[in-house]
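Notes follow once the structure below has been shown.
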Amino acid sequence: MASVVSVEHLTPSQKKAVYHKDGPLLVLAGPGSGKTRVITCRIAALIEAGVRPYHICAITFTNKAAEEMRLRVQQNAPAGGVYVSTFHALCVRILRQYAEQAGIASNFSIYDVDDQKRCMKEAIAACQVDSSNFTPARMLEIVSRLKNDLEDEVAYAARADDYNGKYTAKIYTQYQKLLRQNNALDFDDLLVKTAFLLRDCPDVRLELSRRFQYLLVDEYQDTNHAQYQIAKGLALAHRNICVTGDPDQSIYRWRGADIKNILVFEKDWPDAVVVKLEENFRSTPNILEKASRLIVANTKRKHKELIATRPKGDEVIIEACQDETEEARSIAERIKKKIADGVDPNEIAVFYRVNAMSRTIEEQLIRERLPYQVVRGVEFYARKEIRDMLGYMKLIVNPQDDIAFDRAIGTHPRGIGKTSVERLEEYARRNGQSLLAAAANAHQVSAINKPTQERLRAFAAMIAKFRNDSGGAVAPLMDCVFAESGYLESLKAAGAEGVAAIENVNELINAAAEYDRRTENPSLTDYMQSIALYSDTDAYNPDAGRVALMTLHAAKGLEFDHVFIIGLEEGVLPHERSLDGGTDDMEEERRLFFVGITRARKFLQITYARHRVMRGQFIRSVPSPFLYEIGFAGEQKGDFDDNWDEDDFSDNWHRPASRSSGRSPSSALRPAFSSAKPAAVKSSPSAGKTPAYKVNDLVQHAKFGLGRVKEFLDMGADSIVVVKFNSGQTKSLMLKYAKLDKV
DNA sequence: GTGAATCATCTTTTT
DNA sequence: GATGATTCAC
């Protein structure tokens with residue numbers, strides 16, 4: 001058999017990592033060091049050495065990364081059968097296979113952020129504590145942290161002794177009880193249950209070790225304690241564990257990721273071979289120099305060189321802008337020029353700290369008619385109609401899921417109102433039944449009037465019927481549910497918005513049909529459990545011929561020839577919430593910036609704005625301290641005019657100022673002027689001349705279809721309309737270019 | 001029981 | 001601004 005690994009192009013260190021066969025291996029890989037290539041080559045080398053593909057398990061950080069690695073492994077070797085997945089997907093697989101040993105039913109629901117919130121709200125209410133101190137968001141954060149550290153409610157209750165701790169323990173316990181009742185697991189539970197399963201069931205652990213004899217974990221610096229234990233458990237028997245990562249690129253501490261995992265790897269596996277990949281094949285020396293200067297400011301790190309291998313390239317540009325519009329305009333113009341010069345739009349990216357910052361950039365890219373795509377967190381599956389449909393499907397899979405019952409019964413008016421559901425809940429609680437079971441027995445709930453009792457029973461019967469039909473393909477069933485539940489009918493009656501919702505549901509059904517085609521033994525349970533782990537970051541298409549807009553977090557693992565990083569201001573990057581959180585938070589923000597910088601191959605431009613609209617408030621900001629760390633000398637005189645005063649704004653400023661918040665602004669984010677000033681609120685240069693749109697006007701666009709006006713920025717000939725289209729996307733359109741009609 | 005309208009609250013990053 | 005809770009009119 002011909003060699004499938006192209007050895008001649010590997011450096012000595014890379015070779016060492018690729019050909020290390022048995023035993024623990026730690027690959028400390030700097031950015032741009034060819035890490036992904038090393039992993040794929042290593043898989044190929046293992047197979048060449050006689051390991052069956054079936055026995056190799058590679059764990060990546062995102063679904064997208066998994067998908068890509070599957071492709072690459074496929075290209076590199078006849079490697080069909082290598083199991084590539086994320087930690088969460090692997091856990092779902094394991095928990096379904098060993099549901100009994102894990103103490104759960106295999107048709108469990110997976111709760112996303114929204115479901116978790118509803119569930120937590122209920123838990124807090126049931127505990128009857130003062131809810132102002134225990135908000136669902138705050139409690140979920142704490143519970144998540146505990147779970148990531150593998151501390152269950154019993155262990156936590158045992159050690160919590162102060163007032164807050166005791167109530168937290170009570171709520172945690174109640175929350176877990178609700179999840180159990182609903183036969184549901186949240187994201188963190190997937191990890192916790194798997195870790196405990198491996199800990200408590202040696203036979204399961206051994207069976208899995210026989211199945212996965214070689215374990216590879218990428219982005220190991222971002223694993224949390226639970227994931228660390230899972231990896232360790234899986235590898236305990238054979239010790240064939242290879243982890244790769246870069247402590248300098250750890251950006252998920254807030255999610256429980258623990259840099260210590262990578263630092264203690266050598267303690268856990270004393271005979272581990274450590275390979276460092278320090279050469280950088282990606283970026284120009286100019287870019288790497290900035291990256292190095294930045295990261296050495298972190299005190300809690302092992303020093304690692306960034307060794308440049310490419311020609312010097314262009315200077316890194318640091319640009320000051322007056323406000324976020326100027327910033328966006330400058331970037332859009334530069335992008336326009338690059339594309340005109342023949343640069344592939346795929347090779348251009350704009351990174352920002354928070355999703356909300358994409359909007360201004362989008363506006364300017366639209367203005368310049370430049371193609372772009374925004375890579376965002378959830379989007380499609382977060383839409384109401386999609387969640388509604390999935391509510392039915394979840395309930396069909398898992399009749400115990402009360403959260404799904406609530407969702408499904410409330411999709412549209414069906415003569416069952418809030419009061420009736422509350423009475424039903426009361427009955428269900430008393431009798432220890434699920435809501436669906438209670439609905440089937442609604443004739444016994446005397447508090448509910450007769451006609452409503454019948455409607456509840458009809459609903460329960462309908463779900464039972466769907467459940468009977470739920471073996472096999474997903475799409476036909478979904479189609480059937482959509483029609484027979486009456487949801488389709490009610491959307492049809494809802495006018496233009498309903499039409500868009502129907503289209504979205506049809507898109508969902510198409511996606512399900514695609515799943516049916518792709519999967520050998522399609523089942524609704526399997527489908528529901530797989531889409532729960534899907535995020536729209538996975539939908540990023542690197543070949544779309546579009547400029548990519550994304551958060552710095554989403555940029556991890558990607559690379560582009562031309563990179564723009566915006567918002568280098570104190571309070572944005574580093575983020576406001578990390579300013580008072582101590583040095584650890586600050587160091588993570590620095591790493592985040594480091595990740596952004598090192599995505600760039602040839603060109604890097606970093607911008608900051610002296611003024612920015614944040615949460616509807618106009619604020620004056622200060623350059624990020626990180627800028628000075630990479631050699632920014634401060635502002636040059638005459639760079640721009642800083643002699644603005646409030647009156648200038650009242651002329652330029654076209655967005656209504658929001659009501660001032662009660663909180664005092666942090667020292668870093670002083671409002672530039674009082675938002676209470678009515679003068680700043682409106683001053684339309686040309687009120688009444690152009691065909692003015694009003695908020696909530698229904699409009700028709702030649703390409704995007706129907707939509708509703710969310711905002712109208714009246715600037716005469718340059719007016720901009722922000723429209724939320726029924727397709728779900730929101731677009732900012734220049735009035736003079738957009739083919740837009742009032743409906 | 002339903003749906004529109006108003007009010008209040010929170011606002012990072014994501015599997 | 002987005003979302004959720006609450007209120008009010010039918």
Side-chain angles (χ1 to χ4, degrees), chain A residues 59-66 85-92 110-114 116-118 121 131-132 135-138 141 144 147-148 186-191 219 222-224 226-227 250-257 351-357 359 375-378 382 384 410 412-422 448-449 451-452 455 490 494 532-538 550-556 567 571-579 581 585 588-589 591-592 595-596 613-617 655-659 661-663 695-696 710-711 722 724 730:
Chain A
I59 299 177
T60 58
F61 192 73
T62 60
N63 291 312
K64 185 79 200 169
S85 123
T86 62
F87 264 109
H88 285 83
L90 173 65
C91 289
V92 169
I110 300 173
Y111 278 2
D112 62 21
V113 186
D114 190 77
Q116 284 181 56
K117 225 171 167 178
R118 286 160 188 261
K121 247 179 221 165
S131 55
S132 58
T135 64
R138 178 95 195 90
E141 207 177 293
S144 174
K147 287 184 177 179
N148 286 326
D186 67 15
F187 279 124
D188 299 318
D189 281 337
L190 295 173
L191 303 175
E219 308 283 10
D222 281 320
T223 53
N224 59 36
Q227 292 167 325
S250 165
I251 53 176
Y252 284 90
R253 207 179 69 95
W254 54 274
R255 220 175 67 187
F351 304 150
Y352 35 79
R353 178 65 232 267
V354 297
N355 282 308
M357 289 168 78
R359 216 194 80 169
V375 183
R376 209 169 303 216
V378 269
K384 185 182 171 298
H412 59 98
R414 48 159 59 95
I416 303 171
K418 228 172 45 193
T419 330
S420 301
V421 173
E422 263 166 33
I448 299 174
N449 62 41
T452 313
R455 277 180 236 147
S490 91
L533 302 174
Y534 181 91
S535 83
D536 267 13
T537 321
D538 304 331
M550 67 187 86
T551 62
L552 286 157
H553 282 91
K556 169 166 144 160
V572 179
L573 182 62
H575 192 268
E576 195 181 2
R577 300 255 301 234
S578 64
L579 287 178
D585 286 348
E588 175 140 320
E589 296 287 312
R591 289 193 295 270
L592 193 52
V595 166
V613 180
M614 299 278 288
R615 300 172 208 143
Q617 266 222 336
R655 217 166 294 168
S658 79
R659 56 173 180 270
S661 80
R663 286 175 303 171
V695 170
N696 272 338
K710 301 303 281 183
E711 199 176 344
V722 181
K724 177 155 189 174
T730 301

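Every chain is numbered from 1 and lettered A, B, ... according to where its sequence line falls, protein lines coming before strand lines. Side chains are part of it too, since the values below use all heavy atoms of this structure and drop only hydrogens, waters and symmetry mates.
- Protein atom CZ of R253(A) is 17 Å distant from nucleotide atom P of dT13(B), rounded to whole Å.
- Atom-to-atom, CD1 of I448(A) to P of dG1(B) comes out at 9 Å; the value is rounded to the nearest Å.
- One atom, CZ of R255(A), and another, P of dT13(B), lie 13 Å apart when rounded to the nearest Å.
- Residue D585(A) contributes atom CG, which lies 12 Å from atom C1' of dT13(B) at whole-angstrom precision.
- For Y352(A) (side chain) and M550(A) (main-chain N/O), a donor-acceptor pair under 3.5 Å exists by modelled atom type.
- Of the two residues near DNA chain B, V354(A) and F187(A), the one whose nearest nucleotide lies more 5' is V354(A).
- Listed nucleotides: dT11(B), dG1(B), dT13(B). Nearest to the side chain of R577(A): dT11(B).
- A straight line from CD1 of I251(A) to P of dT14(B) spans 9 Å, rounded to a whole angstrom.
- Comparing dT15(B), dG4(C), dT11(B) by their nearest atom to the side chain of K121(A) picks out dG4(C).
- Judged by closest nucleotide on DNA chain B, H412(A) is the one of H412(A) and H553(A) placed further toward the 5' end.
- As a whole-Å value, the separation of D186(A) CG from dT14(B) C1' is 14 Å.
- Of the possible donor and acceptor atoms, none in the side chain of E588(A) sits under 3.5 Å from a partner among the backbone N and O of D585(A).
- Between the side chain of R455(A) and the backbone N or O of I416(A), no donor-acceptor pair lies under 3.5 Å.
- Between N355(A) and dT14(B), a side-chain N or O to OP1/OP2 separation shorter than 4.0 Å is present.
- In this structure, T62(A) does not reach the dT15(B) phosphate: none of its side-chain N or O atoms is under 4.0 Å from OP1 or OP2.
- Judged by ring centres under 5.5 Å apart and planes tilted less than 30 degrees, Y252(A) fails to stack against the six-membered base ring of dT13(B).
- Per the geometry, CG belonging to N449(A) stands 11 Å off P belonging to dT2(B), to the nearest Å.
- Residue T135(A) has no polar side-chain atom (N or O) positioned under 4.0 Å from OP1 or OP2 of dC10(B).
- Here the side chain of T551(A) is nearest to one of dT15(B), dG1(B), dT13(B), namely dT13(B).
- Formation of a donor-acceptor pair under 3.5 Å by the H553(A) side chain with backbone atoms of I251(A) is found in this model.
- Here CD of E219(A) is found 7.0 Å from CZ of F61(A). Values are rounded to the nearest 0.5 Å.
- Summarising the geometry, the separation between CZ on F61(A) and P on dT14(B) is reported as 10 Å, rounded to the nearest angstrom.
- Partners of R118(A) by salt bridge (charged side-chain N to carboxylate O under 4.0 Å, His left out), not counting sequence neighbours, listed by chain and number: D114(A).
- Within the 4.0 angstrom heavy-atom criterion, no nucleotide atom of any strand lies near F87(A).
- Close to dT3(C), at under 4.0 Å from its OP1 or OP2, lies no side-chain N or O of K384(A).
- Within the nucleic acid shown, I416(A) comes within 4.0 Å of sugar-phosphate atoms alone, with no base atom in reach, counting heavy atoms only.
- For P413(A), whose side chain is taken as the heavy atoms from C-beta onward, the closest listed nucleotide among dT15(B), dT13(B), dG3(B) is dG3(B).
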